[in-house]
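Each remark here refers to the structure printed beneath this line.
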2 protein chains.
Amino acid sequence: MLNDDAQPGTATERAYRFTKAGILDGSLPAGELISEGQVARPLRLSRTPVREAFLQLQAEGLLKLFPKRGALVVPVSTGEVEAVIEARDVIESHAIDRVAAASDDVLDEVVAAMTAAVADQVAAVTAADELAFVEADRLFHTVLVRAGCRSLLLDVYGSLRDRQLRMNLGALGGRFPGRSEGLVAEHRALLDRLRARDAPGARQVLREHLAGTRASVLGAPAV
Amino acid sequence: MLNDDAQPGTATERAYRFTKAGILDGSLPAGELISEGQVARPLRLSRTPVREAFLQLQAEGLLKLFPKRGALVVPVSTGEVEAVIEARDVIESHAIDRVAAASDDVLDEVVAAMTAAVADQVAAVTAADELAFVEADRLFHTVLVRAGCRSLLLDVYGSLRDRQLRMNLGALGGRFPGRSEGLVAEHRALLDRLRARDAPGARQVLREHLAGTRASVLGAPAV
DNA sequence: CTCGGACGACTGAGATGCAAGAGGGATGCG
DNA sequence: CGCATCCCTCTTGCATCTCAGTCGTCCGAG
């Protein structure tokens, strides 16, 4: 937010990061109609790279471009929450199946990585570091998906997590109201099932996990 | 291919369609490094809209942009075939579960639409109309996914089918070497299972169906 | 004959300029 | 005072221009 300019990368990348960050952290509020100039001016860029960034963000579903009108920061609708949860369920369940059926070596490696992520989460909770917690949470799930899915689904999953991050921030204002412990416990349960190669059990845990996420996002009136 | 100009839509759209069509029908061969001018010149456009089209196609995975070098028409690798098949399996299986658990009304409607698609396929086979056959095949699956998945997965599935289309054309030169009957039979079997709300059975049929597709794409040396 | 460095053509990244379309507010009329 | 209309501004779409990086080629030295 502060270092608007003099960032690394191409102009397009800078515009992309700036805009995406703005959307994710809420400084570009959902439902707002933003213009290319709004991004180009503070970054001291021309509109060309901004346009390319907008296009990319539209492909990710964070923006919706209206001809001659502007770019709408798509609001997180209830439907979208459901869609994201559904997609996560489908993809992560698949990953579970694959990992549970993998060789010992692969399974061990994945479980180790996921265990480490959980440890990071616990550390983040004690340090009261929101960002680190979210990052570790993301890592936990990403490791699973990376191990169990091919590139295509993996890419989809990546953009999914971005949207979910935004949902959390939008609905909860960035707070995880005491759900941290529950999340960690569910992660541990998932790991247990995975370690035992109990795919149906792991999927069940995942489903409950996602149901909890869904509830905390949808059911939170405010703070 | 013939009507290069005077098409409807914005310049960006025209560039997008032109390039995508070229990639899908093979006139822009996979592995080739194409330049913006190559598309802009025949369409009598400037390079700006072409660039935007390239960006979009990169997001869909059909192109890979190399800075200052050009745009690579990504070759259909064995890995990509596997990835597409995997993703289709995951998404369509999920759709099957959802549809099989849906209300009678929904199920009936979906089955009716899919039955109609199969009928179209049969008609296309007798008419020896490749294009219509592929279109009907696509419709068959799309109806299923549309009924069983929310927007997000549906979008993913859409781009999936494009890539698959390209794989077919690339590997088989557009021919379906006598597999048409098999495809129709498998579609019918899938419909039977679906009609009986036998989700596991339907998934099994689907898996075999996709295995057949995979084999015909990967394992087909020629005709 | 082969290898290496420099030159030139080509390509994309980004900036700028112009024109068309959409919306909102002021204005004139009933 | 309410409403339809016009105009003015804002925003994007696209073209054009400049700059920088990359690659192929050519020429000379060993």
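Hydrogens, waters and symmetry mates are skipped; everything else that's a heavy atom, side chains included, is used. In the text below, chain A, chain B and the rest are named by the order of the sequence lines, each starting its count at 1.
Between A:Glu60 and A:Arg163, none of the side-chain N atoms (NZ, or NE/NH1/NH2) sits under 4.0 Å from a carboxylate O, so this pair counts as no salt bridge.
In plain terms, the two heavy atoms of B:Gly61 and B:Val74 that are nearest each other are O-CG2, 3.1 Å. Nearest heavy atom pair, residue A:Val145 against residue A:Ala95, reads CA-CB, 3.9 Å.
For the segment residues 54-63 of chain B, no residue has any heavy atom less than 4.0 angstrom from an atom of DNA chain D.
In the interface, the side chain of A:Thr10 is not paired with the base of C:dA13 through any donor and acceptor atom under 3.5 Å apart. Judged by atom type and distance alone, B:Arg47 reaches the base of C:dG12 through a side-chain donor-acceptor pair under 3.5 Å.
Atom P of nucleotide D:dT22 and atom CG of B:Leu65 are separated by 15 Å, given to the nearest angstrom. B:Arg41 places its CZ atom 10 Å from the P atom of C:dG12, with the value rounded to the nearest Å. Across the protein-nucleic acid pair, B:Arg51 atom CZ and D:dT16 atom P stand 15 Å apart, rounded to whole Å. In this structure, B:Leu33 atom CG and C:dC10 atom P are separated by 16 Å, rounded to whole Å. Put simply, OH on A:Tyr16 is 17 Å from P on C:dA13, counting in whole angstrom units. Computed from coordinates, the A:Glu52 CD to C:dA15 C1' distance equals 12 Å when rounded to whole Å. Taking atom CD of residue B:Glu36 and atom P of nucleotide D:dA15, one finds them 12 Å apart after rounding to whole Å. D:dA15 atom C1' lies 15 Å from atom CG of B:Leu43, rounded to whole Å.
Looking at B:Glu52 and B:Tyr16, their side chains never bring a donor and an acceptor atom within 3.5 Å of each other. In this structure, a donor-acceptor pair under 3.5 Å is present between the side chains of A:Ser27 and A:Asp25.
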> What's the verdict on side-chain contact (heavy atoms from CB on, under 4.5 Å) for B:Val90 and B:Leu153, showing C-alpha distance, side-chain angles and the deciding distance?
Replying inline: CA-CA 10 Å; B:Val90 169; B:Leu153 287 176; over 6 Å; no
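Comparing atom distances between the A:Lys68 side chain and each of C:dG12, D:dT12, C:dA15 picks out D:dT12 as nearest. Of the candidate nucleotides D:dA15, C:dA15, C:dA13, C:dA15 has the atom lying nearest to any side-chain atom of A:Thr48. In this structure, of D:dT22, C:dG21, C:dG23, it is C:dG23 that holds the atom nearest to the side chain of A:Arg69.
OP1 or OP2 of C:dG14 has at least one side-chain nitrogen or oxygen of A:Thr12 nearer than 4.0 Å.
Checked by atom type and distance alone, the side chain of A:Ser216 pairs as donor or acceptor with a backbone atom of A:Thr213 at under 3.5 Å.
Counting non-hydrogen atoms under 4.0 angstrom, B:Ser35 reaches the backbone sugars and phosphates but no base. Counting any heavy atom pair closer than 4.0 Å across all strands shown, B:Leu45 reaches sugar-phosphate atoms only and no base atom.
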